[in-house]
Structures are given as structure tokens and as C-alpha cells.
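Notes follow once the structure below has been shown.
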Amino acid sequence: MAAAPAFAAEITIWCWDPNFNVAIMREAGERYTKTHPDVTFNIVDFAKADVEQKLQTALASGTASALPDIVLIEDYGAQKYLQSFPGAFAPMSDKVDYSGFAPYKVEVMTVDGKVYGMPFDSGVTGLFYRRDYLEQAGFKPQDLQNITWDRYIEIGKAVEAKTGKKMTTQDLNNGGMTRIIMQSGNAWYFDKDGELAVEGNAALKGALEAQAKMVKAGIVKPATGWNDYVKAFTSGDVASVVTGVWITGTIKAQTDQSGKWGVAPIPKLDIPGAVSASNLGGSSWYVLAKSKQKDAAIDFLNAIYAKDLDFYQKILTERGAVGSLMAARTGDAYQKADPFFGGEKVWQQFSDWLGKVPAVNYGIFTNELDNAVTANMADLTGGKAVDDVIKAIDEQAKLQIQ
């Protein structure tokens, strides 16, 4: 008879967002304890910034006793932790079948051929749009399939002419749109070896040009901060927004807009290798190498996050979480049509795009590069030549990361 490994342990986990990450981890813990009754979970809910600060401080001081057994790390910051603190996290390459996960998520947690962490939620992106506004302007859902950013701008002009609504909203002090478009072009601020790759980066140039064109074409409703950004599309002020799948719950909370929304692939750059799929955000779970409960923690993550397909159906239905385990796409929850989105199988669409997101190296200085981009965005939208803006970004980045 096969028996599950015997563990008697309390596993402490640090994460943020009580309605998403914390709730999902509680569900995972409850599933695991059904077959491992001697294992208990202590899930500690901090603000995201506090998780990062506490983790950084404990790792820098070498105080292992102050660390949890499992910690949630945003994908953009994973390489920074893995490279800055070698040996701090437990590799799981010999325990987990990573071939079952979206490739770009595995790339995020790989250093020198070893894979660390358990891939969790995806930030796979989509073009959320108001069906009613697009129809008023004479467009059908198929008109948003496989389009370029230039075509998106043309559609935006027509939509405003017919409806008076701006096509989209953007906070130019946030680097999210640059990241979305750049990754869809199969590139990042850094090359595959983690070296700075700003100048000569066609995808970054395309991302900057696309945003400048949108602003100059007048199809963007400017936003200041997160709340202003969200209000622009939930209030019906704009006809579309390009962002991560995690915004779905926020959009669906506007129950009076049911049936008026649709989802399409994001527009793509007109450069070789570009696709209509990208990512914004997403996090993964990491086990601390010096954890006394390391084996139990890894077994838990592997049992639930790498193998339990029903778990992924439940967190999709209840929390709107699109996991990055590709086999979960075959489950019932992913196949359901959603009346809010005009009867589209939106979760199936997102899961299809998930497998097409280019795998790039986020490097260890993504935040610093974001700052350099946003600091120069006003010059770009004000008419400064894109090559000059890229040079300025490169110079600022080199000062920040030296």
C-alpha cells in the first residue's frame, strides 16, 4: 500500500491580500490537511510592502528564525531575491514537474538551471472592451481579433467620433502598459542573460511609440493613480482597457453592465516575434531553504498547486484566479460561458493566451527601469523623439543600477 509522507508540522506562510492570496492559500491548506491531518497552517496576512520589507530584512541579516516556511513573491521581484540571496530558497527541480506550467512562469524562478518556487497565479492580459460602444461605432467582436496597436488607435478614433467615449485610460506614471507591450514583443529591459537591454530594443521602442501615438491621437483618458484608473472603465467613461486577468472581478462587480462587455486578445506590435499575449503581475510561492518544515512545505505545494486540478477550478470560480498549471484548462470552470461577457468562454480564452505569453528575463532591476521609463514619458508624449527618450532612459537606468 502506498502511503503519503508522514509530516507533523506547522507551516507558516507570509502573503498579502485577504480576499485573494490568503483565501486561496487557506483553501489549499484545508485540502492538504484532509490527507495530512498532522500538518497545520499559520497563514500570516501582511500588506505586500510589509512582506517584501520583512523578507529583505531577515535575509540580509541572516536571521533564519525570523523567516516563514513559505513566502509569496511577485514575479517581477523573484530574480532579485534569488540572485541577491543565493542559497536562501529551496530548489524544487527534483520534486516538481515544471513542464506542466506556463513556460514564462518557470523562467521567472530559474537560476543556473535550477528552478525555485511554485508557480501560482497568472497576470495574463486581455483587451476588455464595451460591446455596446463598439457596436455603436460599427464594429463587431471579430474586428478586434489579431489587430495591431495602429489599428486599435484607428478603431479608437471611430469609437469616439460615434459615441463621444475615449477608447481607453492610462496612468502614464505607471509602467504597466510599457511592460505589457514590451513582453508581448518577446523582450524585456534585460536580455536573456540579465544584462541591460534598453538601446536597440525593438519591443521597448514599439511599446513607447504605441503609447505616444495613443496619447497624440487623443484616444486616452488620462488617469491619476489606481482609483482614478479603475473608475474610468467601471463608470463607462472609456470603451476598453488592456490589463491583467485579475481585473475581471472588478469589472464584473458592475452588475448593471452585464452583457455589455467582451474580451479580445491584446493588440500586438508590428515587429518580428510579437504576439497578442502578455502578462501584468502575478506571483509565486517560495520555500525558505533553512525552514525546519522545508520537506513538508514542498510536499504541500507540490500536492496542491502542481497536481490538484479541482483546486484550480474552485479558485477560478470563487476568486477569479487563473493559475498557471496548464492542465487546469481542461476543467469545467474554464469551459463555462459567461453571460456578463456576452456568453463568451472568457476563462478559456485567458488560459489559451496564458500558454502564448513570451518567457523573458525580468532581471533584478525591473522597478528601477520602470522609474526611468515613467520619468521620461512626459517628454515622449510631449513630442521628443523616441530614440532620444530611449537614450535618456538608458542613461538614467545605468545611474540607478550601477
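No hydrogens, no waters, no symmetry mates; every other heavy atom, side chains included, goes into these values.
For Thr63, the side chain to side chain donor-acceptor pair (under 3.5 Å) test picks out Ser61, with sequence neighbours left out. Taking the salt bridge (charged side-chain N to carboxylate O under 4.0 Å, His left out) definition, one finds that Asp75 meets it with Lys105, sequence neighbours left out. In this structure Ala23 satisfies the side chain to side chain contact (heavy atoms under 4.5 Å, CB included) test together with Arg319, sequence neighbours excluded. Looking at residues two or more places apart in sequence or on another chain, you find a side chain to side chain contact (heavy atoms under 4.5 Å, CB included) between Lys165 and Tyr133, Thr163.
Between Tyr305 and Tyr312, the ring-plane angle classifies as perpendicular under the 30° and 60° cut-offs.
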Counting only pairs under 3.5 Å, give me each side-chain donor-acceptor contact of residues 237-245, with atom names and distances, residues two or more places apart or in other chains.
from, atom 1, to, atom 2, distance (Å)
Asp237, OD2, Ser235, OG, 3.4
Ser240, OG, Tyr152, OH, 2.7
Ser240, OG, Met167, O, 2.7

Show me the donor-acceptor pairs within less than 3.5 Å that the side chains of residues 373-380 make with the rest of the protein, sequence neighbours left out.
from, atom 1, to, atom 2, distance (Å)
Thr374, OG1, Asp370, O, 3.1
Thr374, OG1, Asn371, O, 3.2
Asn376, ND2, Ala372, O, 2.7
Asn376, ND2, Gln396, OE1, 3.4

Side chains of residues 213-231: which donor-acceptor pairs under 3.5 Å do they make with residues two or more places apart or in other chains?
from, atom 1, to, atom 2, distance (Å)
Lys213, NZ, Asp150, OD1, 3.1
Asp228, OD2, Thr224, N, 2.9

Identify each donor-acceptor pair in which a side-chain atom of residues 258-270 lies under 3.5 Å from a protein atom, sequence neighbours left out, and give them as a table.
from, atom 1, to, atom 2, distance (Å)
Trp261, NE1, Gln257, OE1, 2.8
Lys268, NZ, Asn146, OD1, 3.2

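Closest of all the heavy-atom pairs between Asn186 and Gly273 is CB-O, 4.0 Å.
Applying the ring-ring contact (aromatic ring centres under 6.0 Å, His included) test to every pair with at least one member in residues 48-78, sequence neighbours left out, gives these pairs: Tyr76-Trp188, Tyr76-Tyr362. For the side chain to side chain donor-acceptor pair (under 3.5 Å) condition, the pairs that include at least one residue of residues 383-392, sequence neighbours left out, are Lys205-Asp387. Residue pairs meeting the side chain to side chain donor-acceptor pair (under 3.5 Å) criterion with at least one member in residues 328-343, sequence neighbours excluded: Lys252-Asp338, Gln335-Gln348. Listed by first and then second residue, the ring-ring contact (aromatic ring centres under 6.0 Å, His included) pairs involving residues 372-402 amount to none (not counting sequence neighbours).
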